[in-house]
There are 2 protein chains.
Amino acid sequence: MRPTMKDIAKKAGVSKTTVSFALNDPGRISVKTYNRVMAVVAELDYVPNPVARTLTTKRLGSLGFLLPQPITEALKNPYICEIIRGIGEVCEKGELSLTILPPIRGRIIDAARQAFVDGLITIGVGPDHEVIELLNKRHIPFVTIDGAETETTVNVGVNDEAAAYGLLSSILALGHRKITILALRPETLSLPEKRFSLVSDRRLAGFARALGETGLGLNSPGIEIIPVECSLEGGIFATNELLSRRQERPTAVLAMADIVALGAYEACRSAGLSIPPDLSIAGFDDIPMAAGAVPPLTTVHQPGREKGAVAAALVVKLLAGNEAQHCCLETELVVRSSTTAPFSRI
Amino acid sequence: MRPTMKDIAKKAGVSKTTVSFALNDPGRISVKTYNRVMAVVAELDYVPNPVARTLTTKRLGSLGFLLPQPITEALKNPYICEIIRGIGEVCEKGELSLTILPPIRGRIIDAARQAFVDGLITIGVGPDHEVIELLNKRHIPFVTIDGAETETTVNVGVNDEAAAYGLLSSILALGHRKITILALRPETLSLPEKRFSLVSDRRLAGFARALGETGLGLNSPGIEIIPVECSLEGGIFATNELLSRRQERPTAVLAMADIVALGAYEACRSAGLSIPPDLSIAGFDDIPMAAGAVPPLTTVHQPGREKGAVAAALVVKLLAGNEAQHCCLETELVVRSSTTAPFSRI
DNA sequence: GAGAAAAAGTGTACCGGTTTACTTCTTTTT
DNA sequence: AAAAAGAAGTAAACCGGTACACTTTTTCTC
């Protein structure tokens with residue numbers, strides 16, 4: 001079996017304490033003893049058990065990232081990858097590892113319960129979610145990404161309402177009046193009464209405001225909202241369904257994630273539609289491949305890596321016992337060539 | 001302070017053991033006692049400390065993935081993302097979390113030393129690496145990806161030599177004789193005497209065999225090998241350098257990773273060269289975006305997600321105390337339109 | 001209703017380290 | 001040379017759970 005500190009102490013003829021000193025505070029003991037202990041350490045291939053150490057030091061050296069979906073799904077979305085990269089950046093500096101926590105048995109709260117982390121970051125989790133309560137009980141400092149700014153939680157996000165308003169305004173200005181919105185389903189099933197994810201709701205509010213200025217609303221004829229899964233497949237599926245209908249097609253599709261928009265691209269390709277002018281498509285996020293797509297995708301840029309990095313930095317701050325403030329990052333409308341004026345059917 | 005099991009026991013008027021039963025094996029005690037204990041648990045917001053539990057159960061519920069580079073760098077390579085997705089798949093099934101372990105202070109061994117994992121997966125780590133020894137000392141079961149098949153370690157990989165042979169053979173058959181190979185630098189600096197990564201060495205052997213059949217060798221005039229960093233930037237940098245030279249340019253560039261090949265694409269774009277016929281470019285890996293690139297990239301397909309999934313499944317097997325076998329997955333040469341016969345300069 | 005069996009609950013050792021308070025021995029100060 | 005200060009080392013408590021062996025209480029069987 002793996003040797004323990006006791007084994008080392010016995011073989012070196014010293015106390016456990018001395019072994020501990022040799023490993024963590026060599027100045028505390030004589031050079032002679034130090035050498036003797038270390039010789040035994042080398043001989044028995046002793047490596048201290050980090051878990052046991054943790055029991056007293058109460059520091060694990062790991063940050064957690066609580067995913068609302070399985071890892072396989074989540075990493076299909078480059079935007080999530082960007083956020084992870086941002087978190088990773090901070091982990092590097094703080095000499096921490098990064099623990100990805102996928103839902104266990106479909107429940108994100110179980111993942112949080114048994115997480116071995118010093119602090120963690122959630123994404124898309126609202127203040128009313130049970131996991132928030134649990135984290136508080138466990139006294140684990142955490143920061144939410146794309147959550148909500150409340151008294152008791154620290155959040156990092158963007159102004160989704162304003163960003164959505166800007167995007168739809170530009171689409172409306174092009175002349176589009178038949179618009180389909182691909183809104184994101186909530187990833188976890190913990191709140192079954194919700195139709196859309198937290199950010200989707202906020203963006204819908206922005207869309208509503210933009211529509212209002214043209215005398216329209218989310219319920220106006222021609223405007224449609226479809227819940228989709230946040231993935232390439234989700235975009236393909238919804239768009240296929242949309243294009244196969246009898247009724248008149250929209251002239252523009254607004255996806256709430258670039259990856260969904262790229263799914264729409266694919267569905268259009270299969271259907272033989274050109275983007276544009278047959279259909280204008282816009283996304284949200286500005287993932288790295290959005291600019292390189294054919295055609296380049298109009299989207300709302302939000303700084304994914306920065307979001308992750310800021311959130312992680314705030315967690316580190318909390319861990320150090322300092323106060324942390326909410327952070328609202330900038331977005332920018334990036335108009336590329338996937339959106340033009342609607343094709344006039346004669 | 002956060003309540004402990006002792007606090008619960010005291011307040012409920014029972015022993016610590018009973019509390020433990022209430023939480024883990026309710027059938028062991030009477031309903032009446034169970035209710036009383038759970039009431040106190042709820043009242044004091046008690047959540048068991050998973051670290052303490054671990055000391056006796058010796059199970060952490062996490063798999064580790066030891067990265068040879070910072071997370072930010074690694075996740076820029078979609079191929080790594082694919083592998084992580086594969087590992088994630090297995091984690092899901094086993095109700096495990098996934099701990100990403102980036103080098104600490106540039107040293108991968110330090111990451112391994114303090115990792116809180118039940119088992120782990122390395123990538124690109126050879127049998128002579130110090131980390132292998134450490135993992136054995138710590139008695140942590142592990143599987144290597146793209147490592148080496150030895151008596152004492154389990155490896156998941158592909159036949160790099162054969163794959164490289166096939167790729168270069170097809171390039172030579174097209175008529176190319178001036179070929180630049182972009183080989184990968186080892187990511188970690190632990191073995192400074194090495195020029196290339198483990199897989200690069202094996203692929204070079206395959207290249208050498210293919211060249212041999214045409215009466216050439218790796219040292220023949222016209223054949224050049226350049227060490228590059230495995231990233232988009234690495235590809236851009238090396239290719240820029242290559243194209244800016246006075247001397248005659250190669251007609252084909254073989255990158256040992258698709259992401260590097262895509263970097264070469266970008267450098268060509270800036271230089272106003274068309275791919276092909278000015279330059280043929282091929283990659284390795286077949287990342288998802290390789291097929292969608294312009295032009296679609298000729299490459300060697302290797303199953304990234306499967307690699308991760310198989311490796312993780314083997315670790316789980318080892319954890320269960322079973323034997324695990326090496327696994328060599330299939331590769332396939334995928335010829336797309338980035339490679340043609342060399343452009344004849346008149 | 002006596003004896004056996006099952007159920008319910010407890011005390012204590014243990015996991016593998018860290019930390020505190022204390023002892024012993026050596027060196028320095030006056 | 002005595003007192004004070006410092007160095008080196010140790011025993012035992014502690015972190016917060018789990019697991020084993022054991023006792024006590026209840027239920028069942030004949």
Side-chain angles (χ1 to χ4, degrees), chain A residues 1-41 44-62 113-118 137-140, chain B residues 1-41 44-62 113-118 137-140:
Chain A
M1 271 297 84
R2 189 179 159 180
T4 73
M5 198 170 243
K6 207 166 136 191
D7 300 326
I8 306 300
K10 198 169 169 189
K11 185 137 191 173
V14 295
S15 70
K16 255 177 24 168
T17 312
T18 304
V19 178
S20 180
F21 282 144
L23 271 70
N24 306 313
D25 188 9
R28 186 70 175 65
I29 55 176
S30 72
V31 176
K32 210 181 75 192
T33 313
Y34 172 81
N35 288 335
R36 182 151 43 93
V37 172
M38 291 316 264
V40 178
V41 165
L44 298 189
D45 283 343
Y46 171 71
V47 181
N49 178 338
V51 176
R53 193 204 308 268
T54 295
L55 218 40
T56 43
T57 60
K58 280 149 180 15
R59 234 188 128 270
L60 285 152
S62 190
R113 207 189 308 278
Q114 51 177 265
F116 288 85
V117 295
D118 294 317
K137 282 189 191 176
R138 277 195 64 185
H139 292 253
I140 293 184
Chain B
M1 272 295 84
R2 190 179 158 180
T4 74
M5 197 170 243
K6 208 166 135 191
D7 300 327
I8 306 299
K10 198 170 168 188
K11 186 137 188 174
V14 295
S15 69
K16 256 178 22 170
T17 310
T18 303
V19 178
S20 181
F21 281 143
L23 270 67
N24 306 312
D25 187 9
R28 187 67 175 66
I29 55 175
S30 72
V31 176
K32 209 181 76 190
T33 313
Y34 172 80
N35 289 335
R36 183 150 43 92
V37 172
M38 291 315 265
V40 178
V41 165
L44 298 189
D45 282 344
Y46 171 71
V47 181
N49 179 339
V51 176
R53 191 202 311 267
T54 295
L55 262 184
T56 44
T57 59
K58 280 149 180 12
R59 234 189 127 270
L60 284 152
S62 191
R113 206 189 310 276
Q114 51 178 265
F116 289 85
V117 296
D118 293 318
K137 282 189 192 176
R138 278 195 63 186
H139 291 251
I140 293 184

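Residue numbers start from 1 in every chain, and the chains themselves are labelled A, B, ... in the order their sequence lines are given, proteins ahead of strands. Only a predicted model underlies this, so the values are computations on that prediction, with no experimental measurement involved.
- The side chain of A:Ser30 contributes an N or O atom lying less than 4.0 Å from OP1 or OP2 of D:dG9.
- A donor-acceptor contact closer than 3.5 angstrom is absent between the side chains of A:Ser20 and A:Thr17.
- Toward the 5′ end of DNA chain D lies the nearest nucleotide of A:Arg36, the other residue of the pair A:Lys16 and A:Arg36 mapping further downstream.
- The C1' atoms of five pairs define one axis at each end of the helix from C:dG1-D:dC30 to C:dT30-D:dA1, and these two axes lie 30° apart (to 10°).
- For A:Thr17 against C:dT18, no side-chain N or O and base N or O form a donor-acceptor pair under 3.5 Å.
- Residue B:Phe21 contributes atom CZ, which lies 12 Å from atom C1' of D:dC22 at whole-angstrom precision.
- One N or O donor and one acceptor, one from the side chain of A:Arg28 and one from the base of D:dG9, sit under 3.5 Å apart.
- No side-chain donor-acceptor contact under 3.5 Å links A:Arg59 to the backbone of A:Asp118.
- The side chain of A:Thr4 has C:dG16 as its nearest neighbour among D:dT18, D:dA8, C:dG16.
- Residues B:Asn49 and B:Thr4 fail the side-chain proximity criterion, which asks for heavy atoms closer than 4.5 Å.
- Closest to the A:Asn24 side chain, of the nucleotides C:dG17, C:dT10, C:dT18, is C:dT18.
- Of all nucleotides listed (D:dG9, D:dG17, D:dT10), D:dT10 comes nearest to the side chain of A:Val14.
- Projected onto DNA chain C by closest heavy-atom contact, B:Thr18 and B:Lys58 fall at different nucleotides, the more 5' of which corresponds to B:Thr18.
- Across D:dG9, C:dT10, D:dG17, the shortest atom-to-atom separation from the side chain of B:Thr56 is found for D:dG17.
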